[in-house]
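Reading through the structure tokens given below for one structure.
Atom set for the values below is all heavy atoms of this structure, side chains included, hydrogens, waters and symmetry mates excluded. Here is the naming used below: chain letters follow the sequence lines, and residue numbers restart at 1 for every chain. Quick caveat: nothing in here was measured; it's all calculated off a predicted structure.
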2 protein chains.
Amino acid sequence: MQKNQLYKGSLSTIVLKLLNDKGKMYGYQITREVEQITTGELVITEGALYPTLHKLEAKGLLSVEIKTVNNRPRKYYFLTENGKEETLNLLNEMKSFIQNMDVLLNPKLA
Amino acid sequence: MQKNQLYKGSLSTIVLKLLNDKGKMYGYQITREVEQITTGELVITEGALYPTLHKLEAKGLLSVEIKTVNNRPRKYYFLTENGKEETLNLLNEMKSFIQNMDVLLNPKLA
DNA sequence: ATCTCATACCTAAGATTCTTAGGCAATATG
DNA sequence: CATATTGCCTAAGAATCTTAGGTATGAGAT
């Protein structure tokens with residue numbers, strides 16, 4: 001997603017949370033949205049995104065709806081029920097991760 | 001480091017920051033320390049730690065000092081000058097990562 | 001008319017990081 | 001004497017991402 005290795009592992013969480021909030025989105029739109037929200041700091045490459053979308057669909061967390069717009073097909077993804085549950089799990093894991101990073105990297109001087 | 005993929009990429013940051021604060025530590029001690037600080041939530045496996053220590057040493061960020069204690073050798077690692085600089089860089093990257101996760105995952109409802 | 005850019009999808013080889021599953025050795029404990 | 005703890009290590013494989021392509025439509029510029 002950039003030179004920073006920390007983002008590795010966070011892509012599914014980001015995608016699911018976006019879909020949770022926006023209802024449905026297509027791949028290209030997700031890359032634009034993330035870039036805009038982070039003011040260009042996080043750029044999701046398509047080589048990372050599309051395999052991730054396919055994986056989440058294969059796991060039953062996403063469903064697809066194809067719409068043709070401007071004579072080009074768009075694949076709109078949206079959360080299944082399992083996807084909504086998993087989104088909550090992943091958000092909790094992210095909270096836990098950030099808390100653990102906080103105690104590790106910002107220790108209270110005993 | 002556990003089932004949670006989010007920790008992927010954070011190990012070097014954790015190790016460098018610990019050494020920055022404690023001065024010098026040996027591998028086994030690092031695993032105990034992290035487990036204790038996070039109350040068992042984060043367990044660093046030795047299969048991840050030792051290759052990382054060797055990589056950081058090869059990059060010139062760490063130096064080693066071998067001491068024999070209880071008739072067993074310990075390899076104490078400590079930061080080089082480059083290691084101190086890189087620690088600051090990685091801590092800044094972690095801050096940036098957490099900020100970007102915040103805007104992505106906790107959006108202010110426009 | 002052709003060139004380039006933005007849109008919109010995709011895959012595959014390789015890099016990086018970690019897990020899993022071992023191996024070796026000394027000391028302490030039951 | 002068997003097991004747990006300490007303390008080091010490696011190697012095969014999994015998971016995630018980067019890099020570097022490919023395909024195609026439509027709009028705007030030269």
Indicate whether OP1 or OP2 belonging to [N] is found under 4.0 Å from a side-chain N or O atom of [X].
X: B:Y50; N: D:dC9; value: no
X: A:N71; N: D:dG26; value: yes
X: B:Y28; N: D:dC8; value: no
X: B:H54; N: D:dC8; value: no

Write down the distance between [atom1] ([X]) and [atom2] ([N]), rounded to a whole number of angstrom.
X: A:Y76; N: C:dT7; atom1: OH; atom2: C1'; result: 12 Å
X: B:K67; N: D:dG7; atom1: NZ; atom2: C1'; result: 16 Å
X: B:I30; N: D:dG7; atom1: CD1; atom2: C1'; result: 13 Å
X: B:L53; N: D:dG7; atom1: CG; atom2: P; result: 15 Å
X: A:E33; N: C:dA8; atom1: CD; atom2: P; result: 14 Å
X: B:N4; N: D:dA14; atom1: CG; atom2: P; result: 21 Å
X: B:L49; N: D:dC8; atom1: CG; atom2: P; result: 9 Å
X: A:N70; N: C:dC5; atom1: CG; atom2: P; result: 21 Å

Next item on the list: Nearest-nucleotide wise, let me know which of A:G27 and A:K8 is further upstream toward the 5' end of DNA chain C.
Entry: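 On the 5' side of the pair lies A:G27.
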Margin query: Between the side chains of B:E65 and B:K75, is the shortest nitrogen-to-carboxylate-oxygen separation below 4.0 Å, so that they form an ion pair?
Written below: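 Salt bridge between B:K75 and B:E65, a charged N being under 4.0 Å from a carboxylate O: no.
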Check: Taking C-beta and beyond as the side chain, do A:L49 and A:V15 meet within less than 4.5 Å on heavy atoms?
Finding: yes
Notebook entry, point to check: With a 4.5 Å limit on heavy-atom distance, are the side chains of A:S96 and A:N100 in contact?
Noted result: yes
Base, sugar-phosphate, or nothing for [X], non-hydrogen atoms under 4.0 angstrom?
X: B:R74; answer: sugar-phosphate
X: B:S10; answer: sugar-phosphate
X: B:G47; answer: base

Side chain of [X] only, heavy atoms from C-beta on: which candidate in [options] is closest?
X: A:E46; options: C:dC10, D:dA15, C:dT7; value: C:dC10
X: A:K55; options: D:dT5, D:dC17, D:dT16; value: D:dT16
X: A:Q5; options: C:dC9, C:dT11, C:dT16; value: C:dT16

Note to self: Looking only at the aromatic ring of each residue, does the gap between the centers of B:F97 and A:Y7 stay below 6.0 angstrom?
What the structure shows: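 Close enough - the centres of the two rings lie under 6.0 Å apart.
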Item checked: CG on A:N106 to CE on B:M94, rounded to 0.5 Å ->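 The CG atom of A:N106 is 10.0 Å from CE of B:M94, to the nearest 0.5 Å.
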Next item on the list: Would you mind telling me which residue lines up with the more 5' stretch of DNA chain D, B:Y26 or B:P51, judged by nearest nucleotide?
Entry: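 Comparing both residues, the 5'-ward one is B:Y26.
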